[in-house]
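In what follows, a structure is listed as structure tokens, so that the remarks can point back to it.
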Number of protein chains: 2
Amino acid sequence: MFEPDPVVSIGEFSRLTYLSVKTLRHYHDVGLLEPAAIDPSTGYRRYSLDQVPRAHLIRRLRDLDMPVPEVRAVLRAPDDVARDATIRSHLERMEAELARTRGVVASLRELLSSAPSAPLAVTFLDVPVQPVFAVRATVAALDAGGWYADARLLLDSALAHVDARAAGPHGATWAHEYFEDERGEVVAFVPVPRGAAPRARDVAAGVESIELAGGRFAVAEHLGGFDDFDRTYGALGSHVVRHAAGLPDAIREVYRVGPDGDDPSVARTDVYWPVRATA
Amino acid sequence: MFEPDPVVSIGEFSRLTYLSVKTLRHYHDVGLLEPAAIDPSTGYRRYSLDQVPRAHLIRRLRDLDMPVPEVRAVLRAPDDVARDATIRSHLERMEAELARTRGVVASLRELLSSAPSAPLAVTFLDVPVQPVFAVRATVAALDAGGWYADARLLLDSALAHVDARAAGPHGATWAHEYFEDERGEVVAFVPVPRGAAPRARDVAAGVESIELAGGRFAVAEHLGGFDDFDRTYGALGSHVVRHAAGLPDAIREVYRVGPDGDDPSVARTDVYWPVRATA
DNA sequence: TTCGACCCTCCGGCAACGGGAGAGTCAACA
DNA sequence: TGTTGACTCTCCCGTTGCCGGAGGGTCGAA
């Protein structure tokens, strides 16, 4: 007694799955959920009842804004381990996004609290050439956080193997295109004593030994996390526009005090904005 | 000594605001942030430094996914009260969204927990005609929650004024198009004793006195909140496909036990799926 | 003058569908 | 056996908030 699973029309399947007819057709087009059969003469889609659970899974994943290609990966996962890994990584991204959102909300409140934003203290400094270990890449703004964390690990590792202390706090330079296109060259660096050279294997991993150019900079201290960086940039850049002439060189940040675990409010960053040397 | 605020090029303004050049041009197009001046011969945009704080505010609101028209409303708000109201309502929507997401995650875990989902108990019932007070509307799936809450208030108010008890728990019928197009006619109802009639003023508010058609239904009980409704529908509908013939009439839900505040797990809903009467 | 960096305006594309037109199909009732 | 009326099909375009790129003008310092 073999009883095949009955098939239903797209409208009926829609009621069984809470997916709209349009959506079902779309999932067919993109290969997420192929009908069990298609009438060759009329083109009518026929869905089998055993496709219902699969549709329910798709619905949940899509409700969590998982991108369609990823949903496809989950559905095609060879085993539960691979499947759960994909799902978990998506949930982690959602967590990260939530944390970011919380930061932005806090920063928004701050901005609206009408504390007339203490006028930023800006000083002009002539900075000498600085030997550093550096890791360089063209990075999109969205990836910058993760990329910098990796780069920093590389730098620390290189540093640990040359029997020298860092000659100052970590930092990074950010090219103009990074701001204008949300993607540009970034150089993560850590100052080293003159003459220090990384091991060949660190060089192979991407660590360079270079010198940061010296010159004149307008400098301001940024307090707190990344969500408020724009305010310091705005104030510092405005100051430069008013009182000096900017240069097309990369902006430099020096992370004197990092965030304390989850609390970004203790962070201290010096922002160096390159300006024309006064004659 | 009047010193006008300096103006800067779009690229420089981009650095002051952390907004990409493309984005700034886009905000110009959609009227979010008009440059302070435009060179009539070259078309070059010039931004004034005093536009920086406004740009920062826009950035934060957009980072919270506030739609552009709403951002515009915030910027044009006549006073801080109106402005904060718009922002608060957006934050509330984000909270609601977050709650929904949590529900979906829980429901996803449940689905994946491989508890082989106890086979749903389905019974067939012949239901008599039922007089009800009803509120009727064509509703989109996204608005259904809020709409039903309002409708229920109307029904309860109508009921309170006719000196009659409800003759059964609240419920609603959902037309086929509601599932197929994510938008369709919904009738919220509460059973009343035969002969009860609402006040004229409740009628004016949208309350009708009608009779729900009787007939044969496949009935199953759904446990818990809305995020899992698709599973009950899937199981119930599949059962109908296998053992009866469905009808194009609206599906009926009876909310026997509602969610307990934030806890949807105690809710009990009977789902009535119309089927052809057995001859 | 000349070069490279900067700026302009289109035009097209993205994700994941929804709306709607125009036309073919199906099933139940008369 | 028609004849509805509900159902389904395939395009094609629109949505939101930008990004990428082409093709071409502008600016400023050497």
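Letters A, B, ... mirror the listed sequences (proteins, then strands); counts begin at 1. On a predicted model such as this, the values are computed, not experimentally measured, just so you know.
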Please state whether the phosphate of [N], meaning OP1 or OP2, lies under 4.0 angstrom from any side-chain nitrogen or oxygen of [X].
X: B/R25; N: D/dC18; value: no
X: A/R46; N: D/dT8; value: no
X: A/T23; N: C/dA16; value: no
X: B/S20; N: D/dC18; value: no

What integer distance in Å separates [X]:[atom1] from [N]:[atom2]?
X: A/R276; N: D/dG28; atom1: CZ; atom2: C1'; result: 10 Å
X: A/R62; N: C/dG18; atom1: CZ; atom2: P; result: 10 Å
X: A/D63; N: C/dA15; atom1: CG; atom2: P; result: 20 Å
X: B/L64; N: D/dT16; atom1: CG; atom2: C1'; result: 17 Å
X: B/D181; N: C/dG20; atom1: CG; atom2: P; result: 10 Å
X: A/Y47; N: D/dT8; atom1: OH; atom2: P; result: 10 Å
X: B/M66; N: D/dT16; atom1: CE; atom2: P; result: 16 Å
X: B/E182; N: C/dC17; atom1: CD; atom2: P; result: 9 Å

Closest-nucleotide ordering on DNA chain D, the 5'-leading residue of B/S41 and B/E180: B/E180

Residue met sooner reading DNA chain D from 5', once A/R15 and B/Y44 are mapped to nucleotides: A/R15

Within the structure shown, what part of the strands sits under 4.0 Å from [X] by heavy-atom distance: base, sugar-phosphate, or nothing?
X: B/V68; value: sugar-phosphate
X: B/V30; value: nothing
X: B/R45; value: sugar-phosphate

Whether A/Y47 and A/F13 hold their rings parallel, tilted or perpendicular, with breakpoints at 30° and 60°: parallel

Plane angle bin for A/W174 and A/Y178 - parallel if under 30°, tilted between 30 and 60°, otherwise perpendicular: tilted

Contact nearer the 5' end of DNA chain C, comparing A/P69 with A/K22: A/P69

Checking contacts here: which listed nucleotide ([options]) is nearest the side-chain heavy atoms of [X]?
X: B/H26; options: D/dG17, C/dG18, C/dA28; value: D/dG17
X: B/T42; options: D/dC27, D/dC18, C/dC6; value: D/dC27
X: B/P67; options: D/dG17, C/dC8, C/dC17; value: D/dG17

Check ion pair B/E110-B/R231 (N to O, under 4.0 angstrom): yes

Main-chain N/O of A/D63 paired with B/R100 side-chain donor or acceptor, under 3.5 Å: yes

Aromatic contact, B/F124 with B/F217 (centres under 6.0 Å): no

Between B/R93 and B/H90, a side-chain donor and acceptor under 3.5 Å: yes

